[in-house]
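Have a look at the structure below, then the notes.
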Amino acid sequence: MTFSLKRFYAIIQKDMKDLSKNMMITSTMLMPLVLAIFYGRMDDVTIDMHYLIINLAFAAVGVFVQSAIIAEEKEKNTLRGLMLSPATLPEILGGKSTVTLVLTVVTIVLCAYLTGYEPANYVLVGAAILLSCLFYIAVGTLMGLLTKSIVEASVLSLPVMFLFSFASLFLNFIEEYPVLTFIEYLPSTQLIELAKEVEAGAGFADLWSYFAVILAWIVVASILTAFTYKKKEMDA
């Protein structure tokens, strides 16, 4: 089946209408914004503080909102209908991911504005943030496919949100606890380190390894999501 823009846009419009009616889902955007307002009042906001909020936005919007959108479809039994319809996997997941992508980017831009974050290189930082968005949305989609309701999605998303939002706070304990070494390779940590390098004047040639790690996470998350979707599609 070929990709249909008409079906793609129809899925986007449907999700936008559903989100506008579900305050529980959209209210999660307030968490990083409230934290951004709080930090924005400080005189000296460090790069770690900026990205603590940005990573929270990724988790609260990219992961939770996306998982809730998918879980709600399953709860209403409408996802099964989409799977059995002529709509293809790229149309269904792409349409649902587009809404979350826009919400995530808007939330991050607002948070950056509230905290006064102005990266030294908007292009490099913007590219890294956009790539990170794709990873978190893939994780959110996976969480939604693995759950049966919004409540289940909320519970399953909590440890994921904590891991990717706050794991970087434990970087200083790696020497004492080598088991925490994996934190260095999380996409959230890679994004922070990339941002620090950018502030130090680094160019793409110095940052390609960070982009590569984030891209690897995207590939793994996307493969798991596509596999899970196909399995659910067969069960439907």
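What you see below is based on every heavy atom in this structure, not just the backbone, and it leaves out hydrogens, waters and symmetry mates.
- Rounding to the nearest 0.5 Å gives a distance of 10.5 Å between OH of Tyr113 and CD of Glu118.
- The ring-ring contact (aromatic ring centres under 6.0 Å, His included) check on Tyr39 picks up nothing, with sequence neighbours excluded.
- Phe227 is not connected to Val139 by any chain of hydrophobic side-chain contacts under 4.5 Å among Ile, Leu, Val, Met, Phe, Trp and Tyr, and they are in different clusters.
- Separating the CD1 atom in Ile53 from the CE atom in Met31 is a distance of 13.0 Å, to the nearest 0.5 Å.
- Side chains of Met42 and Met49 form a contact here, defined as non-hydrogen atoms less than 4.5 Å apart.
- Across all non-hydrogen atoms, the minimal contact from Lys148 to Glu152 is N-OE1, 3.1 Å.
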Residue pair Ile54, Tyr117: steps toward the side chain to side chain contact (heavy atoms under 4.5 Å, CB included) verdict: CA-CA 10 Å; Ile54 289 173; Tyr117 177 49; 4.3 Å; yes
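- No donor-acceptor pair under 3.5 Å is formed between the side chain of Glu193 and the backbone N or O of Thr189.
- Relative orientation of the Tyr136 and Phe58 rings is parallel, given thresholds of 30° and 60° on the angle between their planes.
- When each of Val63, Ile70, Thr147, Thr228 is tested with Leu142 by the rule side-chain contact (heavy atoms from CB on, under 4.5 Å), just one qualifies, namely Thr228.
- Remark: Thr104 pairs with no residue by the side chain to side chain donor-acceptor pair (under 3.5 Å) rule, at least two apart or across chains.
- Tyr210 meets the side chain to side chain donor-acceptor pair (under 3.5 Å) test with no other residue; sequence neighbours excluded.
- The shortest side-chain heavy-atom distance between Asp48 and Lys196 falls under the 4.5 Å cut-off.
- Rounding to the nearest 0.5 Å gives a distance of 12.5 Å between CG of Leu158 and CG of Leu163.
- The side chain to side chain contact (heavy atoms under 4.5 Å, CB included) test applied to Ile218 returns Leu131, Leu134, Phe135, Ile214, Leu215, Ser222, not counting sequence neighbours.
- Closest of all the heavy-atom pairs between Pro32 and Leu56 is CA-CD2, 4.0 Å.
- Phe182 and Val160 fall within the same hydrophobic cluster, where Ile, Leu, Val, Met, Phe, Trp and Tyr residues are linked whenever their side-chain heavy atoms come under 4.5 Å apart, directly or through other members.
- Side-chain heavy atoms closer than 4.5 Å link hydrophobic residues (I, L, V, M, F, W, Y) into clusters, and following such links, possibly through other members, connects Val106 to Leu114.
- Grouping the Ile, Leu, Val, Met, Phe, Trp and Tyr side chains by contacts below 4.5 angstrom, directly or via other members, places Phe204 apart from Val123.
- Cluster partners of Leu130, by chain and number: Leu101, Val105, Val109, Ile137. The rule joins Ile, Leu, Val, Met, Phe, Trp and Tyr whenever side-chain heavy atoms lie under 4.5 Å apart.
- Summarising the local packing, OH of Tyr185 is surrounded by 12 or fewer heavy atoms from other residues, nucleotides or ligands at distances under 6.0 Å.
- In the hydrophobic clustering of this structure, Leu207 does not group with Tyr122; members are Ile, Leu, Val, Met, Phe, Trp, Tyr whose side-chain heavy atoms approach within less than 4.5 Å, directly or through other members.
- Nearest heavy-atom pair across Tyr51 and Ile129 is OH-CD1, 4.5 Å.
- The nearest pair of heavy atoms linking Leu124 to Ala202 is CD1-O, 4.0 Å.
- Between Ser67 and Ser157, the side chains place a donor N or O and an acceptor N or O closer than 3.5 Å (distance only, hydrogens not considered).
- Using modelled atom types and a 3.5 Å distance limit, the side chains of Thr141 and Gln66 yield a donor-acceptor pair.
- Between Phe38 atom CZ and Thr115 atom OG1 the span is 13.0 Å, to the nearest 0.5 Å.
- One distance of note links CD1 of Ile183 with OG of Ser188; it measures 9.0 Å at 0.5 Å rounding.
- Contact detail for Ala128 and Leu191: the closest heavy-atom pair is CB-CD1, 3.6 Å.
- Summarising the geometry, atom CG belonging to Leu194 is positioned 10.5 Å from atom CD belonging to Glu199; distances are rounded to the nearest 0.5 Å.
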CA sep, side-chain torsions, deciding dist, call: Ile192, Asn55, side chain to side chain contact (heavy atoms under 4.5 Å, CB included): CA-CA 9 Å; Ile192 295 173; Asn55 283 323; 3.7 Å; yes
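- Partners of Asp206 under the salt bridge (charged side-chain N to carboxylate O under 4.0 Å, His left out) rule, at least two apart in sequence or in another chain, do not exist in this structure.
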